Novice: 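Just dropping this structure here.
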Amino acid sequence: MSQIVTKAIEDAIKSVSDELEKKGFPKLPIDKNPPMGDFAIICFPAAKTLKKSPDQISKEISLEIQKNKLVKRAINVKGYCNIDINWNTIANSVIEELKNSKYGSTNVKSEKILIEHTSANPTGPFHMGRARNPIIGDSLARLLSYYGHNVDTEYYVNDTGRQAATLAYGISNYESKGKNKIDHRLVESYRKASNELKTNPDVKEKIYRKMELIESGDKSALNDVKNSAKKMLRGMKESLKELEAEALNYYHESDLIATGKVETVIKKLKESELCQEEKGAYYLDLKEKKIAGRNQKFFFTRENGLSLYTTRDIAYHIEKFKNYDRAINILGEDHRLQSRLLEIALEELNSKIPEAVFYSFVNLPGGKMSTRAGRVVYLDDVMKDIVELASKKLSSSELDESRKKELAKQIGIGALRYNILKVQAEKGFTFNIDEALNLQGDSAPFSMYSHARASAILRNYGESIPELTSITFLQETEIKLLRTLTKWPYIIEKSVTDLSVHNIPNYIHSLSSDFNQFYRDCPVINSDNSEFRINLVFCSKKILCEGLSILGVKAPERM
RNA sequence: GGGCCUGUAGCCUAGCCUGGAAGGGCGUCUGGCUUCUAACCAGAAGAUCCAGGGUUCGAAUCCCUGCAGGCCCGCCA
């Protein structure tokens, strides 16, 4: 909450409570976030002791406090006494607070945070299911950085193991030429190799030989898989760039082997009290750790002594904490157990442990997405469709063509990101292309449009934003808008604490809605109250712009 | 067999941690552009908050028991 408003409300609550206590009312619970007004007194608990109905008590209370100077009005509804504070007296200082560039951020100590997101195996173009990952990760990074932290993002490139070896084999043996985007092209080679692996024992042996070379640290094999992965990644990065969600760094798993970091981890894990050995393979015994499932053995080496996927992930996280205070991972729900095992291993090694944000997979209307069944929706295709749709809607606009093209992209990509971000991550959702392509209502264009309206007013106003001089008498819709604006820091704080981005679209939508109502009720230019109103427009535009930028959505001046 | 996540109008969803008046949006119906941008606004209809029990003055929210859907339980990644 805005500090000024928080204080005004606290003062009013105290004053009212003291007054009621003097009159012999018992202490009653307060709702600080009521459906109407600024706070509400809940009268139900007093019904028994006072032997009156909650409604009766509420009426008496509202009469008692009617004269209180801090109370603008008190309305009783069904046992709730809803109280408005006097916004006229604080409005100007609230506006000053909102105009401050630090509004919404914090003065807590800035932490160095690494957000690992996407990290999809580089074996083919992104599916819609995976698209949730970069969008959530990227927006979380924007949120934490807006709040005042020092945030980097990283993509962990899985370029060792069977899939990576298969890809490398596919690219060197059946690289297909064509005009398609490189990842869409290379995935054909990968599929071919993958099929051969299953049916041709000769190919299978070659790929498995490669795998062993990789894991044992053979330099040329490591180079081969790394370069193959990079090739595929070139196309995937283009998609991420289009999505405005590209990671800052790319960390290759192969480097963990090449630099011997994995070996060090294996050596240290063997010293753990939980460590056991079975036919030359080492594992941590998790019987005491209450880990779900049948298998309580967490293997970190094979019989041949070489590392496994999680072993390398442990090494990776130890590296992370050398440079960062916190590590946050954006992971699909299939990684939950995996992530828990990682935590246990890191605890054994006295390391810090990462925080995780899990998201559920995206389904398609007829069922789940499946590569095998050919039920796949590519991110690239969705982005193309949604940008095209935005473009169609702009066709009658008077803007020039290059500007239209840019706008269509901003609107389309914005709508896609918003559509995914507005749902909490753990909730599974069915990707409905029609719903995503609907650019009305609770969507990015709605807020972008409000922002453009605010921009239009400021443009037409033409002068710089005036300092506030006189006391303002506010209308209902002005108070409603101002009240929403004051809640911004609270929304940010809550989202940062919970690592949940979905609160932001939610808030941005109500802010836009409040702004549109204000737009209808309160002309700004040539109004008696234009001095205050232009300030309100300025602040609304500012928060809309900042909120949208956290979502990775552009806020154009015209649309 | 076990563990975790989810269940709110025809559809999508917020609220659940920290108990107090069920919020939005889509779709449907009605009305509003000679006035700062109608991708907007106003109004109407639409909810056994998965089911059953418990705690409480009060439960979508907390506890217990079920049910349904998703995910996981490999010396794969």
Side-chain angles (χ1 to χ4, degrees), chain A residues 29-31 33-36 40 42-49 54 77-80 82 121 123 158 160-164 253 278-283 290-297 299-310 312-313 332-338 340 358-361 363 368 390 393-394 411 415 419 422-430 432 434-435 438-446 448-450 452-461 497-498 502-503 505-506 509-510 512-513 516-517 519-527 530 533-534 537 558-559:
Chain A
I30 305 283
D31 180 359
N33 202 2
M36 54 191 288
I42 300 165
C43 301
F44 299 90
K48 222 173 200 175
T49 46
V77 181
K78 295 187 287 185
Y80 295 85
N82 297 291
N121 289 349
T123 52
N158 209 307
T160 70
R162 197 182 62 222
Q163 287 190 339
E253 189 179 5
E278 190 177 298
K279 292 188 228 154
Y282 289 84
Y283 66 92
K290 291 178 188 161
I291 294 296
R294 297 184 182 103
N295 193 350
Q296 305 289 332
K297 295 174 184 173
F299 280 89
F300 61 90
T301 77
R302 301 182 205 261
E303 269 181 49
N304 62 11
L306 297 178
S307 68
L308 290 146
Y309 169 79
T310 316
R312 304 190 283 268
D313 208 15
E333 60 180 337
D334 55 334
H335 278 67
R336 282 192 130 103
L337 177 60
Q338 162 67 26
R340 184 72 195 105
F358 295 103
Y359 62 91
S360 293
F361 290 131
N363 288 320
K368 59 195 227 175
K393 295 211 173 191
L394 280 169
I411 291 168
N419 186 261
K422 70 177 177 180
V423 181
Q424 52 169 285
E426 317 82 69
K427 204 150 180 159
F429 82 67
T430 301
N432 186 328
D434 296 330
E435 165 71 16
N438 188 331
L439 307 181
Q440 260 112 42
D442 188 4
S443 68
F446 179 86
M448 294 167 86
Y449 184 70
S450 300
R453 274 179 153 180
S455 306
I457 297 175
L458 289 164
R459 203 165 46 233
N460 295 333
Y461 184 76
T497 321
D498 300 348
H502 77 276
N503 303 304
N506 228 296
H509 180 256
S510 27
S512 307
S513 177
N516 287 339
Q517 286 164 43
Y519 184 91
R520 174 202 62 203
D521 291 344
C522 304
V524 177
I525 292 160
N526 297 328
S527 117
S530 66
R533 286 180 181 170
I534 197 71
V537 171
R558 297 171 204 257
M559 65 183 278

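Throughout, a chain's letter reflects where its sequence line sits, starting with A, and its residues are numbered from 1. Note that the structure is a prediction, hence the values are computed from the model and not measured.
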Novice: Between B/rG20 and B/rC36, how far is it from one C1' atom to the other, in whole Å?
Specialist: 42 Å

Novice: Grab the CD-C1' distance between A/Gln296 and B/rC72 for me, whole Å please.
Specialist: 14 Å

Novice: Heavy atoms under 4.0 Å, any strand shown: does A/Ile525 hit a base, just sugar-phosphate, or nothing?
Specialist: base

Novice: Sub-3.5 Å donor-acceptor pair from the side chain of A/Arg312 to the main-chain atoms of A/Ser307, do we have one?
Specialist: yes

Novice: Would you indicate what A/Ala452 reaches in the nucleic acid, counting non-hydrogen atoms under 4.0 angstrom: base, sugar-phosphate, or nothing?
Specialist: base

Novice: Can you tell me how far P in B/rG19 sits from the matching atom in B/rA59, rounded to whole Å?
Specialist: 13 Å

Novice: Does B/rC33 have a Watson-Crick or wobble partner in any strand here, with both distances under 3.5 angstrom, and which is it?
Specialist: none

Novice: B/rC75 phosphate, OP1 or OP2: any side-chain N/O from A/Asn295 under 4.0 angstrom?
Specialist: yes

Novice: Which nucleotide wins on minimum distance to the side chain of A/Ile457, given the candidates B/rC72, B/rC75, B/rC36?
Specialist: B/rC36

Novice: I want to check one thing: is the phosphate of B/rG74, taken as OP1 and OP2, less than 4.0 Å away from some side-chain N or O of A/Arg162?
Specialist: no

Novice: With rounding to whole Å, what would you report as the distance between B/rA44 and B/rU8 at their P atoms?
Specialist: 26 Å

Novice: Checking all strands, does A/Thr160 fall into the base, sugar-phosphate, or nothing category for heavy-atom contacts under 4.0 angstrom?
Specialist: sugar-phosphate

Novice: Given B/rG15, B/rA21, B/rC36, identify the nucleotide with an atom nearest to the side chain of A/Pro523.
Specialist: B/rC36

Novice: Rounded to the Å, how far apart are A/Asn33 CG and B/rC16 P?
Specialist: 10 Å

Novice: With respect to the side chain of A/Asn460, which nucleotide from B/rA39, B/rC36, B/rA77 is positioned closest?
Specialist: B/rC36

Novice: B/rC36, B/rA77, B/rG24: which one has an atom nearest the side-chain heavy atoms of A/His509?
Specialist: B/rG24

Novice: Given B/rA42, is OP1 or OP2 found less than 4.0 Å from the side-chain N or O atoms of A/Arg520?
Specialist: yes

Novice: Looking at B/rA21, B/rC71, B/rC76, which one has an atom nearest to any side-chain atom of A/Lys78?
Specialist: B/rA21

Novice: Check the distance between B/rC40's P and A/Ile411's CD1 and give it to me in whole angstrom.
Specialist: 12 Å

Novice: For the residue pair A/His335 and A/Tyr309, categorise the inter-ring angle as parallel (less than 30°), tilted (30 to 60°) or perpendicular (more than 60°).
Specialist: perpendicular

Novice: Check whether A/Arg302 reaches the backbone of A/Leu308 with its side chain - one donor and one acceptor, N or O, closer than 3.5 Å.
Specialist: no

Novice: Check the distance between B/rC73's P and A/Arg340's CZ and give it to me in whole angstrom.
Specialist: 16 Å

Novice: OP1 or OP2 of B/rU13 sitting under 4.0 Å from any side-chain N/O of A/Asn419?
Specialist: no

Novice: Base, sugar-phosphate, or nothing for A/Pro34, non-hydrogen atoms under 4.0 angstrom?
Specialist: base

Novice: Could you say whether the aromatic ring of A/Tyr80 and the base of B/rA21 stack, counting only centre distances under 5.5 Å and plane angles under 30°?
Specialist: yes

Novice: Which nucleotide wins on minimum distance to the side chain of A/Phe44, given the candidates B/rA14, B/rC41, B/rC57?
Specialist: B/rC57

Novice: Quick check on B/rA77: is either OP1 or OP2 less than 4.0 Å from any side-chain nitrogen or oxygen of A/Tyr309?
Specialist: no

Novice: What is the distance, rounded to the nearest whole Å, between atom CZ of A/Phe361 and atom P of B/rC72?
Specialist: 6 Å

Novice: For A/Ile42 and B/rG20, what is the distance between atoms CD1 and C1' respectively, to the nearest whole Å?
Specialist: 4 Å

Novice: Is the phosphate of B/rC40 approached by A/Asn516 (side-chain N or O, under 4.0 Å from OP1 or OP2)?
Specialist: no

Novice: Quick one: sort the A/Phe44 and A/Tyr80 rings into parallel, tilted or perpendicular, breaks at 30° and 60°.
Specialist: perpendicular

Novice: Can you identify which nucleotide, out of B/rC73, B/rA21, B/rA77, has its nearest atom closest to the A/Leu337 side chain?
Specialist: B/rC73

Novice: Each nucleotide N or O in nucleotides 26-34 of chain B that has a protein N or O under 3.5 Å away: list the pair and distance.
Specialist:
{"from": "B/rC26", "atom 1": "O3'", "to": "A/Asn438", "atom 2": "ND2", "distance (Å)": "3.0"}

Novice: Starting from P on B/rG3, measure out to CZ on A/Phe358 and report it in whole angstrom.
Specialist: 18 Å

Novice: Taking OP1 and OP2 of B/rA14, is either one under 4.0 Å from a side-chain nitrogen or oxygen of A/Lys427?
Specialist: yes

Novice: With a non-hydrogen cut-off below 4.0 angstrom, is A/Ala40 in contact with a base, only sugar-phosphate, or nothing?
Specialist: base

Novice: Do A/Asn82 and B/rA21 share a donor-acceptor pair, side chain to base, under 3.5 Å?
Specialist: yes

Novice: Could you measure between the two P atoms, the one in B/rG69 and the one in B/rC64, and give it in whole Å?
Specialist: 23 Å

Novice: Does A/Arg453 make a side-chain N or O approach to OP1 or OP2 of B/rA38 shorter than 4.0 Å?
Specialist: yes

Novice: Taking for each residue the nucleotide of RNA chain B bearing the nearest heavy atom, is the 5' side occupied by A/Lys393 or by A/Gln163?
Specialist: A/Lys393

Novice: Heavy atoms under 4.0 Å, any strand shown: does A/Ile534 hit a base, just sugar-phosphate, or nothing?
Specialist: nothing

Novice: In whole Å, I'd like the distance from the CG atom of A/Asp334 to the P atom of B/rG70.
Specialist: 15 Å

Novice: With a 6.0 Å cut-off (strictly less than), is the heavy-atom count around CZ of A/Arg558, excluding the residue itself, greater than 12?
Specialist: no

Novice: What is the minimum heavy-atom distance between A/Arg533 and A/Pro523, and which atoms define it?
Specialist: NH1-O, 2.9 Å

Novice: Specify the closest pair of heavy atoms between A/Asn516 and A/Arg453, including all atoms of both residues, with the distance to one decimal.
Specialist: OD1-NH1, 3.2 Å

Novice: Report yes if a side-chain nitrogen or oxygen of A/His502 is closer than 4.0 Å to either non-bridging phosphate oxygen (OP1 or OP2) of B/rG15; otherwise report no.
Specialist: yes

Novice: Applying a 3.5 Å limit to both distances, which nucleotide forms a Watson-Crick or G-U wobble pair with B/rA68?
Specialist: B/rU6

Novice: Has A/Arg302 got a side-chain N or O lying under 4.0 Å from the OP1 or OP2 atom of B/rG74?
Specialist: no

Novice: In whole Å, what separates the C1' atom of B/rC49 from that of B/rG15?
Specialist: 11 Å

Novice: Tell me whether A/Asn460 contacts the main-chain N or O of A/Ala456 through its side chain, where contact means a donor paired with an acceptor under 3.5 Å.
Specialist: yes

Novice: Does the side chain of A/Gln424 get closer than 4.0 angstrom to OP1 or OP2 of B/rG15 through an N or O atom?
Specialist: yes

Novice: If the condition is side chain to side chain contact (heavy atoms under 4.5 Å, CB included), which residues does A/Pro29 pass it with, not counting sequence neighbours?
Specialist: A/Ile42, A/Pro45

Novice: Keeping the roles fixed (side chain from A/Ser527, backbone from A/Ser530), state whether a donor-acceptor pair exists under 3.5 Å.
Specialist: yes

Novice: Between B/rA68 and B/rA51, how far apart are the C1' atoms? Round to whole Å, please.
Specialist: 11 Å

Novice: Identify the nucleotide, in any strand shown, that forms a Watson-Crick or G-U wobble pair with B/rU28, with both distances under 3.5 Å; if there is none, say none.
Specialist: B/rA44

Novice: Once you apply a heavy-atom cut-off of 4.0 Å, does A/Met448 come out as touching a base, just sugar-phosphate, or nothing?
Specialist: nothing

Novice: Report the nucleotide, chosen from B/rG15, B/rC71, B/rC57, that has the shortest atom-to-atom distance to any side-chain atom of A/Lys48.
Specialist: B/rC57

Novice: Using the P atom on both, measure B/rG31 against B/rU6 and round to a whole Å.
Specialist: 44 Å

Novice: Determine the interatomic distance between P on B/rG74 and the same-named atom on B/rU18; round to the nearest Å.
Specialist: 34 Å

